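Structure first, then comments.
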Amino acid sequence: MTTTEFDHHSGAYARDWREINSTLRGKCPVAHTEAHGGFWVLSKYADIAEVARDDETFSSYQELPDGSRTGATIPAGPLRQVPIEMDPPEFFDYRKLLNGRFSPASVKRWEPYLRDVTTFCIDNFVESGQADLVSALASPVPAILTLELLGLPTTGWRTVSDVTHALVHTLPGSPEHDAAMAGIMGILGQVNETIAARRAEPKDDLISELVHAEVNGEKMTDARLIEIITLVIFGGVDTTGSLIGSALEWLHHNPAERDRLRADPALIPTATEEFLRYFSPVPGLARTTTKECTVGGQALAAGERVFLSWSSANYDEEVFDRPDDVVLDRHPNRHQSFGLGIHRCLGSNVARLEFRVVLEEVLRRLPDYVVDTAHAQPYPTIAVVNGWISLPVTFTPGARLGSNFAL
Ligand code: HEM
């Protein structure tokens, strides 16, 4: 067996994930680590693709004889998330309830709203010539859209964003994670109230749709509704914010590329895919083997935990030329940042739209922003999402434009 000290929750991984992934890919692409009760780390693009597509052998949710459970993260999170932590055939019943509101055509309709929210956020700081682009822009835009889409009050965006940040960047069982769990209770209170209100009087939002939907001829329990709604919150809020933060920080260091995007905004969609590949905001997720199998020549027993390192696959030299470079017009770019197989990200179209609108507005309204690199803070540990705590910038002050959105 090939062993490694790999731990995706360590500070060393948050700092040096590209180097650690590269060493594993070169030396032991299917490696075993003792971290978090022991699991296998897959680092090659092809092995990860094979596993993600074989949901029969590689399960996203298993209840273990000792009463514990496995899920999409290592270690398993405190709350089950549906449908990410669910296998077929049941999985399909739930995924199909969500697909409609996240299809390209449905998501397109959100663009004017997103433009208003982004304008509102930039208006709040544009006259001052300074801002923290994480707390003033990259966090609120995805959080506000996610809450609006669900039907939850957008005034609560900061609490939702702070709690989500804390949960996706800290280790389950750590004091920071426990504190964030306390915050979750407040959000769940709001979710419960909205479920009751929409049951009585539906509106045009996802929670209304879910409370009135039937699975196998029956309405869902509140517990199941919460497993779905919290996944949309955790999936929707911090992931895109992290991508925005990472890309804006990179564009500070690469002004010629920033000018190129400003001059040619049509390049933004291709550049978005490259930023997704290069920053891999969700570095990896997990599966559990349901039977004996072989991956990359390594025999695995039933009941083994397996970590699919999307961030390593995205730098696999066998698939990508010059993987360590950001190539804004890279094509094709079959990155794994949204996963692949049946659990492929439900919100990929939302994420792409949010990213494009925010980037367009930043390039238009804060074209000369400069990051205060001495005070910009990345998360010291990654856990599930790799992003920034703060990104202070200065820029030439501009005028407010006015927005149809207000909190
Ligand atoms: C840059 C932004 C994002 C990234 C990198 C990302 C990444 C991922 C990945 C890797 C998966 C696959 C999970 C697996 O295979 O186990 C996933 C699933 C999922 N994502 Fe995203 N995501 C992003 C944005 C969003 C947004 C904006 C939403 C919702 C508004 C969302 C909701 C979900 C949901 C519900 C699933 C579970 C799908 C299923 O199990 O069928 N994500 N995401």
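Note that the structure is a prediction, hence the values are computed from the model and not measured. Order of listing sets the numbers, starting from 1, for every ligand and every atom in it.
When Ala72, Gly387, Gly235 are ranked by how near their heavy atoms come to atom 25 (C) of ligand 1, first place goes to Gly235. Here the shortest heavy-atom distance to atom 29 (C) of ligand 1, taken over Pro142, Ser337, Gly236, belongs to Gly236.
For Arg25 and Tyr315, the positive end is not near the middle of the six-membered ring at less than 6.0 Å and at most 45° from its axis. Relative to the ring axis of Phe39, Arg287 does not place its NZ or CZ within 45° and under 6.0 Å from the centre.
The ligand atoms of ligand 1 that sit less than 4.0 angstrom from a heavy atom of Phe91 are 39 (C), 40 (O), 41 (O). Taking every heavy atom of Leu276 and a limit of under 4.0 angstrom, the matching atoms of ligand 1 come to 1 (C). Less than 4.0 angstrom separates some heavy atom of Phe102 from each of these atoms of ligand 1: 29 (C), 30 (C). Atoms of ligand 1 lying under 4.0 Å from any heavy atom of Arg287, numbered from 1 in the order shown and given with element: 14 (C), 15 (O), 16 (O).
Rounded to the nearest 0.5 angstrom, Ile342 CD1 and Phe92 CZ are separated by 4.5 Å. Note that CD of Glu90 and CG of Asn216 are 8.5 Å apart. Values are rounded to the nearest 0.5 Å. Rounded to the nearest 0.5 Å, atoms NE2 (His375) and CD1 (Ile389) are 13.5 Å apart.
Of the heavy atoms in Leu98, none comes closer than 4.0 Å to ligand 1. Only the side chain of Leu231 comes within 4.0 Å of ligand 1, judged by heavy-atom distances.
Looking from atom 11 (C) of ligand 1 to the surrounding protein, the closest heavy atom is Phe338 O, 3.7 Å. Looking from atom 32 (C) of ligand 1 to the surrounding protein, the closest heavy atom is Gly347 N, 3.8 Å. Atom 34 (C) of ligand 1 has Leu346 CB, 3.8 Å as its closest protein atom, hydrogens excluded (heavy atom only). Protein heavy atom closest to atom 39 (C) of ligand 1, with residue, atom name and distance, is Arg95 NH1, 3.3 Å. Here the heavy atom of the protein found nearest to atom 24 (C) of ligand 1 is Thr239 OG1, 3.3 Å. Closest protein heavy atom to atom 8 (C) of ligand 1: Cys345 CB, 3.7 Å.
Listed by chain and residue number, nothing satisfies the salt bridge (Lys or Arg N to Asp or Glu O under 4.0 Å) test with Glu193 (two or more places apart in sequence, or in another chain).
Counting only distance, with no hydrogens or angles, the side chain of Ser312 and the backbone of Ser309 share no donor-acceptor pair below 3.5 Å. The backbone N or O of Phe102 lies less than 3.5 Å from a partner atom in the side chain of Asn349, making a donor-acceptor pair.
Side chain to side chain, Ser208 and Asp205 meet the donor-acceptor criterion of an N or O pair below 3.5 Å. No side-chain donor-acceptor contact under 3.5 Å links Tyr45 and Arg334.
Within the 4.0 Å heavy-atom shell around ligand 1 one finds Leu285. In this structure, Leu145 falls outside the shell of residues with a heavy atom less than 4.0 angstrom from ligand 1. Pro83 counts as a contact of ligand 1, since one of its heavy atoms falls under 4.0 Å from the ligand.
Polar contact with ligand 1: present for His343 (N/O pair, distance under 3.5 Å).
Put simply, the side chain of Asn314 reaches to within 4.5 Å of the side chain of Ser337, judged on heavy atoms.
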